[in-house]
Amino acid sequence: MSQFDEVIPRLGTNSVKWDGAKELFDRDRVIPMWIADMDFRAPKPVLDAFRCRIDHGIFGYTNSVEPMLDALIDWNKKRHNFTINRSDVLFNEAVVPSISLALRALTEKGDKVLMHSPVYTPFFRVAGEELDREVVTTPLEFRNHRFEIDFSDMETKLKTQDIKLFLLCNPQNPGGRVWHPDELKKMVELCKRYGVPIVSDEIHSDLVMEPFIHTPLAKACPEYQEQIITLMAPTKTFNLAGLKVSYLIVPSETYREKIEAWQKYVHAAGINEFGQIALCTAYREGEAWLDELRAYVLENYHYVKDQFERYAPEVEVANLEATYLMWLDARKVAKDEKQLYQDIIDAGCGIQLGSDFGENGRGFIRLNIACPRATLEKGIAYLIKGIQK
């Protein structure tokens, strides 16, 4: 029995995923398979480190980020063969606020920001709604169970739209794509041609399924690294999102100074003590846990894929190359998107519609499969029942 088979009740823990499900879906007893957090305990070494610190009982100001720097540098070198310079690193509470900082530092109100569609929902919200940048999208085409980049459209937008920044999701969320180094290089070549800096959200970099390999954008294209800002965190990897710890890798001194100025301006808080403990311990002692997790999630993926092939073959399942989020093509289901969504909720499964991730996601479903098999089996049974209704 795997440690990830344990069903841990989360209702009553102020969980957005579980306690927030009733309000979101307007229904009791929905199995939530939407927001991207896992129903698994964090690695035991992290929990033990928390207990040790709690037993000490004093939580004053912390003195240094050096242990975090050591841990993240060693981790990225070992896991991704990615060399990070200490002076390039800035810490921030989470990746989405870091996207906001980078956009504030590198663009102005009204500037055009390019991103793929579909893509992680906060890209649209932060750039467009919160910061008044003009969002320009370039489509991802769903072919042969995975997304492909329309490089011709991307170049047209860069050439004609006066784009000021390209916001990339690497690996891709919601589609679970691991971008090949050749694809990364081609994207960078286009941005270089038109003088566009890149912010690369790589929060899912450690959640890559074998035999795929994550390539940090700055590693794939070191000749353009001065124009690349990389965003990373241990939070998605080790189910630590509530602890708010992430980091930016910013080789450009000019960009670093601008981002630091914005951090001071908005009073961005430093990393709290438990976030520091989480990062250091997870990166130092969490590797075995992560490898077991990735294998477990991949088994969950194959289970779900098999269930759809058996009972709902009209739904095309995307390949899972990275993340614990499945992407389902339900465009052949004979229902409009709103009706499909409601039928699935009424059947007892809470999912996220593809259109939440941009117009090119319409007709798709995003599904979180990072849960114990017993929970997964119930949720998928409800999901298929809703599709067949």
Side-chain angles (χ1 to χ4, degrees), residues 65 68-69 72-73 75-76 80 82-108 111-116 119-120 122-127 130-131 133 135-136 154 158 163-173 179 181 183-185 187-206 214-236 245-266 268 271 279:
V65 299
M68 288 198 293
L69 284 170
L72 72 88
I73 288 169
W75 175 266
N76 279 283
H80 308 302
F82 180 32
T83 300
I84 298 172
N85 294 324
R86 303 175 77 83
S87 60
D88 294 349
V89 179
L90 299 175
F91 290 98
N92 198 41
E93 63 177 30
V95 164
V96 172
S98 294
I99 292 171
S100 178
L101 285 172
L103 286 168
R104 291 168 187 265
L106 274 62
T107 65
E108 303 288 342
D111 282 351
K112 294 180 179 180
V113 177
L114 183 66
M115 60 191 73
H116 290 130
V119 77
Y120 182 46
F123 280 27
F124 300 110
R125 187 188 75 238
V126 173
E130 296 177 3
L131 297 181
R133 275 55 172 174
V135 172
V136 179
M154 183 175 174
L158 286 165
I163 303 296
K164 298 300 184 183
L165 183 141
F166 175 46
L167 187 52
L168 173 66
C169 200
N170 174 40
Q172 208 274 340
N173 174 15
W179 300 122
E183 293 172 306
L184 296 173
K185 290 175 183 177
M187 285 188 275
V188 167
E189 286 171 3
L190 292 176
C191 289
K192 185 177 181 180
R193 187 175 304 164
Y194 299 100
V196 174
I198 305 169
V199 174
S200 183
D201 172 2
E202 304 194 8
I203 196 170
H204 290 281
S205 58
D206 297 315
H214 171 69
T215 304
L217 182 66
K219 176 188 171 185
C221 306
E223 73 284 356
Y224 202 62
Q225 66 175 343
E226 287 285 315
Q227 298 299 316
I228 295 171
I229 295 174
T230 305
L231 311 180
M232 288 180 159
T235 49
K236 281 287 186 283
V245 53
S246 77
Y247 51 99
L248 307 86
I249 303 161
V250 192
S252 166
E253 183 177 358
T254 300
Y255 289 172
R256 279 200 312 278
E257 290 175 351
K258 289 182 177 181
I259 291 171
E260 286 179 307
W262 270 106
Q263 283 185 306
K264 292 177 182 178
Y265 180 76
V266 300
I271 307 303
L279 183 149

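Values reported hereafter were calculated over all heavy atoms of this structure, with side chains retained and with hydrogens, waters and symmetry mates removed.
- Residues forming a salt bridge (charged side-chain N to carboxylate O under 4.0 Å, His left out) with Glu253 (at least two apart in sequence, or on another chain): none.
- Scanning both residues, His80 and Lys219, for their nearest heavy atoms gives O-NZ, 3.0 Å.
- For residues 85-96, the salt bridge (Lys or Arg N to Asp or Glu O under 4.0 Å) pairs, not counting sequence neighbours, are Glu66-Arg86, Asp70-Arg86, Asp88-Arg256.
- Taking CG from Leu165 and CD1 from Ile99, the interatomic distance works out to 10.0 Å, rounded to the nearest 0.5 Å.
- With sequence neighbours excluded, no residue forms a side-chain hydrogen bond (donor to acceptor under 3.5 Å, both in side chains) with Lys258.
- With sequence neighbours excluded, no residue satisfies salt bridge (charged side-chain N to carboxylate O under 4.0 Å, His left out) with Lys112.
- Across every non-hydrogen atom of Met115 and Phe166, the tightest pair is CA-CE1, 4.2 Å.
- Between Leu131 and Ser100 there is a side-chain heavy-atom pair separated by less than 4.5 Å.
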Worksheet item: Going through the checks in order, is the side-chain contact (heavy atoms from CB on, under 4.5 Å) test met by Leu114 and Val196?
Response: CA-CA 10 Å; Leu114 183 66; Val196 174; over 6 Å; no

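- Under the side-chain contact (heavy atoms from CB on, under 4.5 Å) criterion, Val96 pairs with Tyr120, Pro122, Arg125, Val126, sequence neighbours left out.
- Taking the side-chain hydrogen bond (donor to acceptor under 3.5 Å, both in side chains) definition, one finds that Trp75 meets it with Asp206, sequence neighbours left out.
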Between Val113 and Val135, does a side-chain contact (heavy atoms from CB on, under 4.5 Å) hold up when you go through it step by step? CA-CA 5 Å; Val113 177; Val135 172; 5.5 Å; no

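- The nearest pair of heavy atoms linking Leu101 to Gln263 is CD1-CG, 3.5 Å.
- Rounded to the nearest 0.5 angstrom, Leu217 CG and Glu183 CD are separated by 12.0 Å.
- For the atom pair CG of Asn85 and CD of Gln225, the computed distance is 7.5 Å after rounding to the nearest 0.5 Å.
- For the side chain to side chain donor-acceptor pair (under 3.5 Å) condition, the pairs that include at least one residue of residues 187-202, sequence neighbours left out, are Glu155-Arg193, Glu155-Tyr194, Asn170-Glu202, Ser200-Glu202, Glu202-His214.
- In this structure, Leu168 CG and Cys191 SG are separated by 8.5 Å, a value rounded to the nearest 0.5 Å.
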Check: residues 227-235 side-chain donor-acceptor pairs under 3.5 Å, at least two apart:
from	atom 1	to	atom 2	distance (Å)
Gln227	OE1	Tyr255	OH	2.6

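- Inter-residue side-chain proximity for Leu90 and Ile259 is flagged as met; some heavy-atom pair is nearer than 4.5 Å.
- Looking only at side-chain heavy atoms (C-beta outward), Val266 and Arg104 come within less than 4.5 Å of each other.
- Taking the side-chain hydrogen bond (donor to acceptor under 3.5 Å, both in side chains) definition, one finds that Glu257 meets it with nothing, sequence neighbours left out.
- Using a 4.5 Å heavy-atom cutoff, the side chains of Ile271 and Val65 are not in contact.
- Within the model, atoms CG of Leu158 and CG of Leu190 stand 6.0 Å from one another, a figure rounded to the nearest 0.5 Å.
- When all heavy atoms of Asn76 and Leu72 are compared, the pair lying nearest together is ND2-O, 2.9 Å.
- The nearest pair of heavy atoms linking Ser98 to Ala94 is OG-O, 3.0 Å.
- Shown here are the side-chain hydrogen bond (donor to acceptor under 3.5 Å, both in side chains) partners of Thr107, two or more places apart in sequence or in another chain: Arg133.
- Applying the side-chain contact (heavy atoms from CB on, under 4.5 Å) criterion to Glu108, with sequence neighbours excluded, gives Asp111.
- Looking at Trp179, its side chain does come within 3.5 Å of a backbone N or O of Cys169 through a donor-acceptor pair.
- Listed by chain and residue number, nothing satisfies the ring-ring contact (aromatic ring centres under 6.0 Å, His included) test with Tyr247 (two or more places apart in sequence, or in another chain).
- The two atoms that bring Tyr224 and Pro197 nearest to each other are OH-N, 4.1 Å, heavy atoms only.
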